[in-house]
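Right, one structure below, let's go through it.
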Amino acid sequence: MHHFSFHDSELYCESVPLARIAEREGTPLYVYSRATLERHFTVFDNAFAAVRHLTCYSVKANSNLAILRLFGRLGSGVDVVSGGEILRALAAGIAPEKIVYSGVGKTRPEIELALARGILMFNVESAQELELINRVASEKGARARIALRVNPDVDPRTHPYISTGLKKNKFGVSIDEALDVYARAAAMDWIEVAGIDCHIGSQITTVSPFVDALGRIKDFVKRLRGRGIALRFVDLGGGLGITYDREEPPEPDQYAAAVISELADLDCTLILEPGRCLVGNAGCLVARVLYTKQTALKEFVIVDAAMNDLIRPSLYEAHHALVPVRQHDGPVIRADIVGPICETGDFLARDREITRPAQGDLLAAMSAGAYGFSMSSNYNSRLRAAEVLVDGSHWHVIRRRETFEDLVRCETIPACLG
Ligand SMILES: *Cc1c(COP(=O)(O)O)cnc(C)c1O
């Protein structure tokens with residue numbers, strides 16, 4: 001369910017025609033719907049109402065401060081994966097005791113920051129990281145709450161680049177190893193063993209991998225109890241998929257029911273880290289057609305958004321529906337929709353059937369709210385897109401378009417170069 005729909009052949013976000021926003025704010029442009037974001041959070045969070053839980057929105061899916069504030073106001077915590085994301089979350093008003101911190105490569109300054117701000121817990125991904133956290137905590141005189149990220153070795157059946165819970169992946173420690181690491185953690189003076197964590201992958205479209213992972217975690221938590229180590233939190237990570245094309249992912253209610261039933265008698269607070277399913281379908285990327293051209297082999301539609309704006313098609317061969325912002329008649333063609341970047345891998349879609357657009361037409365890449373802007377870059381010295389949040393019949397610019405000054409702000413020409 002989202003609030004992008006056609007009225008009289010015009011694509012609207014809530015009560016505003018996308019063409020009007022694009023006219024005013026330029027393209028490429030990310031447009032998010034506040035009503036959709038709020039609905040997605042509320043439906044997800046309510047689905048777990050029957051159990052003690054904390055929903056921690058995964059910041060990396062879309063880290064704009066306004067989006068973080070919006071979720072924070074609805075009671076969300078956050079899952080962060082860097083010091084930068086901790087600072088973003090705090091700047092958006094998220095309480096430190098609602099921040100969980102994951103990531104395989106936490107640096108000492110990042111650990112110091114997290115401890116100084118008093119986050120809820122570190123999701124620890126290796127024995128060496130645990131040692132460093134203990135050392136930093138002793139220096140600061142502040143105990144660190146930790147969960148160990150275990151790798152349950154279940155196949156989430158998603159794209160290999162976004163599978164994270166298989167034995168061969170870099171994340172977490174295997175369940176076999178985990179017992180030993182927990183024993184060491186429990187013996188450390190400055191570590192409070194608080195929970196267990198896993199995150200098996202992203203864009204998962206069936207409940208069974210989640211249930212399998214939780215089952216393995218549950219058995220393990222019981223084994224730990226047998227050894228006198230009691231946990232307060234079970235963090236199941238994120239990963240619930242969305243519909244980009246024809247996928248039929250479980251509804252939050254179905255996902256929650258399966259998880260809650262598997263959790264059963266385990267007396268722990270459940271932590272969830274949804275990213276994509278909260279923001280993905282709440283945003284689109286609006287681009288303008290610059291040129292069309294026909295080569296001997298193919299037809300190309302060249303738009304002003306590129307892989308630096310939305311890398312998912314290039315990186316994962318991901319599908320985004322491409323919708324004309326004004327529906328029009330015309331022949332349906334099969335074309336590659338490409339950006340201006342000097343890479344053959346720069347495309348939004350390949351061999352896509354589309355009503356032949358004219359120069360100057362607007363196209364919307366749908367379902368671009370997650371891993372869209374947050375993965376964008378300045379490659380080819382392109383200015384990053386603006387982001388707007390639509391709220392009923394109004395919109396707010398929540399990130400202005402970059403300027404040339406932004407682009408070179410951190411660079412200097414040394415004096416020796418004259
Ligand atoms: C990316 C990530 C998430 C969110 O994943 P989605 O598929 O966007 O729900 C949650 N937890 C961790 C540790 C992550 O790295």
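In what follows, residues are counted from 1 in the order of the sequence shown.
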Got a second to check how far Ile302's CD1 is from Asp336's CG, nearest 0.5 Å? 10.5 Å
For the pair Glu192 and Arg232, find out whether any cationic side-chain nitrogen is under 4.0 Å from an anionic carboxylate oxygen. yes
Would Glu110 and Thr107 count as having a side-chain donor-acceptor pair, cut-off 3.5 Å? yes
With a sphere of 6.0 Å drawn around NE2 of His394, does it hold more than 12 non-hydrogen atoms of other residues, nucleotides or ligands? no
Please step through side chain to side chain contact (heavy atoms under 4.5 Å, CB included) for the pair Glu85 and Ile99, ending with a clear verdict. CA-CA 10 Å; Glu85 287 191 351; Ile99 299 179; over 6 Å; no
Whether over 12 other heavy atoms sit under 6.0 Å from Arg227 CZ: no
Is there side-chain contact between Ile67 and Phe373, with heavy atoms separated by less than 4.5 Å? no
Compare every heavy atom of Met307 with every heavy atom of Ser314, then report the nearest pair and how far apart it is. OG-CB, 3.6 Å
Would you name the heavy atoms of Gly77 and Leu54 that are closest together and state the gap between them? N-CD1, 4.3 Å
Which of parallel (below 30°), tilted (30 to 60°) and perpendicular (above 60°) describes Tyr182 and Phe220? tilted
Ion pair Glu139/Arg108, N-O distance below 4.0 Å: yes
Could you check whether any side-chain heavy atom of Pro324 comes within less than 4.5 Å of a side-chain heavy atom of Asp361, counting everything from C-beta outward? no
Could you check Arg184 against Asn134 for side chain to side chain contact (heavy atoms under 4.5 Å, CB included), going step by step and ending with a plain yes or no? CA-CA 11 Å; Arg184 281 159 69 183; Asn134 185 46; over 6 Å; no
When you compare the side chain of Phe233 with that of Cys268, does any pair of heavy atoms fall below 4.5 Å? no
For the residue pair Leu120 and Ile271, establish whether any side-chain heavy-atom pair is separated by less than 4.5 Å. yes
Minimum heavy-atom distance between Ser374 and Ala61, given as atom pair plus value: OG-O, 3.1 Å
Worked check of side chain to side chain contact (heavy atoms under 4.5 Å, CB included) between Asn123 and Glu273: CA-CA 12 Å; Asn123 288 338; Glu273 304 173 347; 3.3 Å; yes
In terms of side-chain heavy atoms, does Tyr316 have a donor or acceptor partner in Gln203 at a distance below 3.5 Å? no
Is it true that Asp267 and Arg52 make a salt bridge, defined as a side-chain N closer than 4.0 Å to a carboxylate O? yes
Salt-bridge present (Asp351, Lys298; N to O < 4.0 Å): yes
Are Pro28 and Arg401 side-chain neighbours, meaning at least one heavy-atom pair lies under 4.5 Å? yes
Parallel, tilted or perpendicular, as decided by the 30° and 60° cut-offs, for the rings of Phe44 and Phe48: tilted
Taking all non-hydrogen atoms of both residues into account, name the closest pair between Ala256 and Ala47 and its distance. CB-O, 3.3 Å
For the residue pair Ser58 and His199, establish whether any side-chain heavy-atom pair is separated by less than 4.5 Å. no
Does a donor on one side chain sit under 3.5 Å from an acceptor on the other, for Glu14 and Ser33? yes
Residue pair Asn308 / Ser376, side-chain donor-acceptor N/O under 3.5 Å: no
Looking only at heavy atoms, which two atoms of Ser381 and Leu407 are closest? And how far apart? O-CD2, 3.6 Å
Hey, are His53 and Asp45 close enough side-chain-wise for a donor-acceptor pair under 3.5 Å? yes
For residues Gly369 and Asn62, report the shortest heavy-atom separation together with the two atoms involved. O-ND2, 3.1 Å
Do the side chain of Thr36 and the main chain of His3 share a donor and acceptor less than 3.5 angstrom apart? yes
Side chain to side chain contact (heavy atoms under 4.5 Å, CB included) between Leu214 and Val234, worked out: CA-CA 9 Å; Leu214 187 54; Val234 169; 4.0 Å; yes
Carboxylate-amine/guanidinium contact Arg409 Asp406, below 4.0 Å: yes
Does Asp304 use its side chain to pair, donor to acceptor, with the backbone of Arg288 at less than 3.5 Å? yes
Which value, rounded to the nearest 0.5 Å, describes the distance between Leu90 atom CG and Arg117 atom CZ? 5.5 Å
Are any side-chain N or O atoms of Lys218 and backbone N or O atoms of Glu262, one a donor and one an acceptor, separated by less than 3.5 Å? yes
More than 12 foreign heavy atoms under 6.0 Å from CD of Glu317: is that the case here? no
Geometric cation-pi criterion, Lys106 with Tyr101: 6.0 Å, 45°: yes
Quick check for you: to the nearest 0.5 Å, what is the distance between Asn378 atom CG and Leu383 atom CG? 7.5 Å
Are any of the side-chain heavy atoms of Arg399 and Tyr30 separated by less than 4.5 Å? no
Do Tyr244 and Arg276 meet the criterion of a side-chain donor-acceptor pair at a distance under 3.5 Å? yes
Give a yes or no on whether the backbone of Arg216 and the side-chain of Asp219 come within a donor-acceptor separation of less than 3.5 Å. no
Are the side chains of Leu266 and Ile217 in touch, meaning some heavy atoms are under 4.5 Å apart? no
Relative to the ring of Phe71, is the ring of Tyr57 parallel (under 30°), tilted (30 to 60°) or perpendicular (over 60°)? tilted
Would you tell me whether His320 and Ser367 have side-chain atoms, one donor and one acceptor, within less than 3.5 Å of each other? no
